[in-house]
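Reading through the structure tokens given below for one structure.
The chains referred to below are lettered A, B, ... by the order of the sequence lines, with proteins before strands, and numbering in each begins at 1. Computed from a prediction, not measured in an experiment: that's the story for all the values here. FYI, side chains are in, hydrogens and waters are out, and symmetry mates aren't considered; it's all heavy atoms of this structure.
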There are 2 protein chains.
Amino acid sequence: MTKREEFIYNSLKLIHQKGFKATTIRDIANVMECDVANVYNYIDSKQGLLESHLFSINEEFHNNVDDILASGYDPKAKLEKLISLYVEITMERPLEASLLVNEWRHLKEPKQTKFINERNKYERKVKKLLQAGMGCGQFRDMDSALATNMFLSSMRWLFQKYTNNKSKINRFDLERELVNYVYNGIGVSV
Amino acid sequence: MTKREEFIYNSLKLIHQKGFKATTIRDIANVMECDVANVYNYIDSKQGLLESHLFSINEEFHNNVDDILASGYDPKAKLEKLISLYVEITMERPLEASLLVNEWRHLKEPKQTKFINERNKYERKVKKLLQAGMGCGQFRDMDSALATNMFLSSMRWLFQKYTNNKSKINRFDLERELVNYVYNGIGVSV
DNA sequence: TCATTGCATCAACATTTGTTGATGTAAATA
DNA sequence: TATTTACATCAACAAATGTTGATGCAATGA
């Protein structure tokens, strides 16, 4: 691992643990065991650090989402692909993924508005997907706004909390359990 | 609304919007349209403000949880009461509730450890409840750790996001939809 | 060989931010 | 009336924090 990669990893880890605002340049310098000024060999500004992390993971995520939605699958299959995508990103870029949940609030304008707009757009897509599924009888009839939020919150948990327990469960088991929960809940199937 | 209540409400609102770390005493003074020093007529310190808000709502929540768990209801009924409790607290103390999700990270030791311990204890109780439900055939067989996290994340969404849209949906409709989602998912019941 | 690149060092500055002390004043309470 | 309570004002400080500029040095690559 080059020093630059080490820096990226450490800064991400710190921001994930303490939050962006609570993470100081001196904190980063500290875990890197280097001088404070040295941090600026890798970044332009603290804001820039947040922005690069956030928009990098955000773009990857949204691109993949669009690929899924543009595919020929039916709504149920698309939803499963979407869940699969969440699991994949969580496994591969856990620290960055967790930032998407909380730290976007510390973006400054106009980046923050940009981020929020993209997120809203994404949430509308999910809502449409759920409505499509209801329309063709694959999902039961629900308040679609509420269902969207509940689905999204079930996924957000992954991004937010699955940074620690990485090793504990197999990726495909996790995926299957998630699909099952979203699709059947915790009740016994009759 | 007395000036003190106005202060509590405004400070909560700011912390909810910007996060605790990003909310400055001067921000609070600003929305109160008063001098900076004046804020200290109501608080001892910024930390103290966070602590009082967090532990107040936390205690109320946990007390109610314990009452539910100590009751004679079966697991399914207990879970429904628990969901009902989430909705109730969300409706009555939305701003404080939202703090429980994110802002506990900014507690200082030993308060933070105390908070985390209580939360862990709570999560273990939920896990036990789910296991009990599986044991008596009310819930289907699942990885109980995973199921706990998914249930909790579905509830967390309320605390985190339901501060805006208060008026849009009836409380009991919301409750019913939540129970339905947790219990049956979004799939069609066969 | 020469220039570039990656990283280190040290000192310093301007802001932001939490906090305090001393004081005033008007209303509520006893 | 006397006293406490609630709130306001102003000035100021110490610490934390983001950022810069100038410089050195060793390895890489042309």
Item to complete: Tell me, please, which residues at least two apart from A/Arg124 pass side-chain hydrogen bond (donor to acceptor under 3.5 Å, both in side chains).
Response: none
Discussion item. Which residues pass the ring-ring contact (aromatic ring centres under 6.0 Å, His included) test with A/Tyr86, not counting sequence neighbours?
Written reply: A/Phe61, A/Phe159
Worksheet item: Looking only at side chains, do B/Asn38 and B/Asn41 share a donor and an acceptor under 3.5 Å apart?
Response: yes
Fill in: Residues forming a salt bridge (charged side-chain N to carboxylate O under 4.0 Å, His left out) with B/Lys13, sequence neighbours excluded
none
Item to complete: Can you sort out which residues in residues 36-51 of chain A have a heavy atom within less than 4.0 Å of DNA chain C? Ascending by number, please.
Response: A/Ala37, A/Asn38, A/Asn41, A/Tyr42
Item to complete: Determine which pairs satisfy salt bridge (charged side-chain N to carboxylate O under 4.0 Å, His left out) with at least one residue from residues 71-92 of chain B, sequence neighbours left out, and list them in order.
Response: B/Glu88-B/Arg171
Worksheet item: Hey, is B/Glu59 close enough to B/Arg93 for a salt bridge, meaning N to O under 4.0 Å?
Response: no
Response to the item:
Expected list for residues 18-28 of chain B near DNA chain C, using heavy atoms below 4.0 Å, is B/Thr23, B/Thr24, B/Ile25, B/Arg26
Fill in: Check ion pair A/Glu103-B/Lys21 (N to O, under 4.0 angstrom)
no
Discussion item. Of all nucleotides in DNA chain D that come within under 4.0 Å of a heavy atom of chain A, which is furthest toward the 5' end and which toward the 3' end?
Written reply: D/dT17 to D/dG21
Practice prompt. Could you label the plane-to-plane angle of the B/Tyr183 and B/Phe139 rings as parallel, tilted or perpendicular, counting under 30° as parallel and over 60° as perpendicular?
Written response: perpendicular
Worksheet item: Who are the ring-ring contact (aromatic ring centres under 6.0 Å, His included) partners of A/Tyr9, not counting sequence neighbours?
Response: none
Worksheet entry | Partner set under side-chain contact (heavy atoms from CB on, under 4.5 Å) for A/Asp67, not counting sequence neighbours | none
Practice prompt. Using the test salt bridge (charged side-chain N to carboxylate O under 4.0 Å, His left out), find all partners of B/Arg156 that sit at least two apart in sequence or belong to another chain.
Written response: none
Discussion item. Among residues 3-10 of chain B, which ones have heavy-atom contacts with DNA chain D below 4.0 Å?
Written reply: B/Lys3, B/Arg4
Worksheet item: If you measure only the distance, is there a donor-acceptor pair under 3.5 Å linking the side chains of A/Ser11 and A/Tyr42?
Response: no
Worksheet item: Residues two or more places apart in sequence or in another chain: which of them pass ring-ring contact (aromatic ring centres under 6.0 Å, His included) with B/Phe55?
Response: none
Worksheet item: In whole angstrom, what separates A/Glu33's CD from C/dC7's C1'?
Response: 15 Å
Item to complete: In whole angstrom, give the distance that lies between atom CD1 of B/Ile15 and atom C1' of C/dG18.
Response: 14 Å
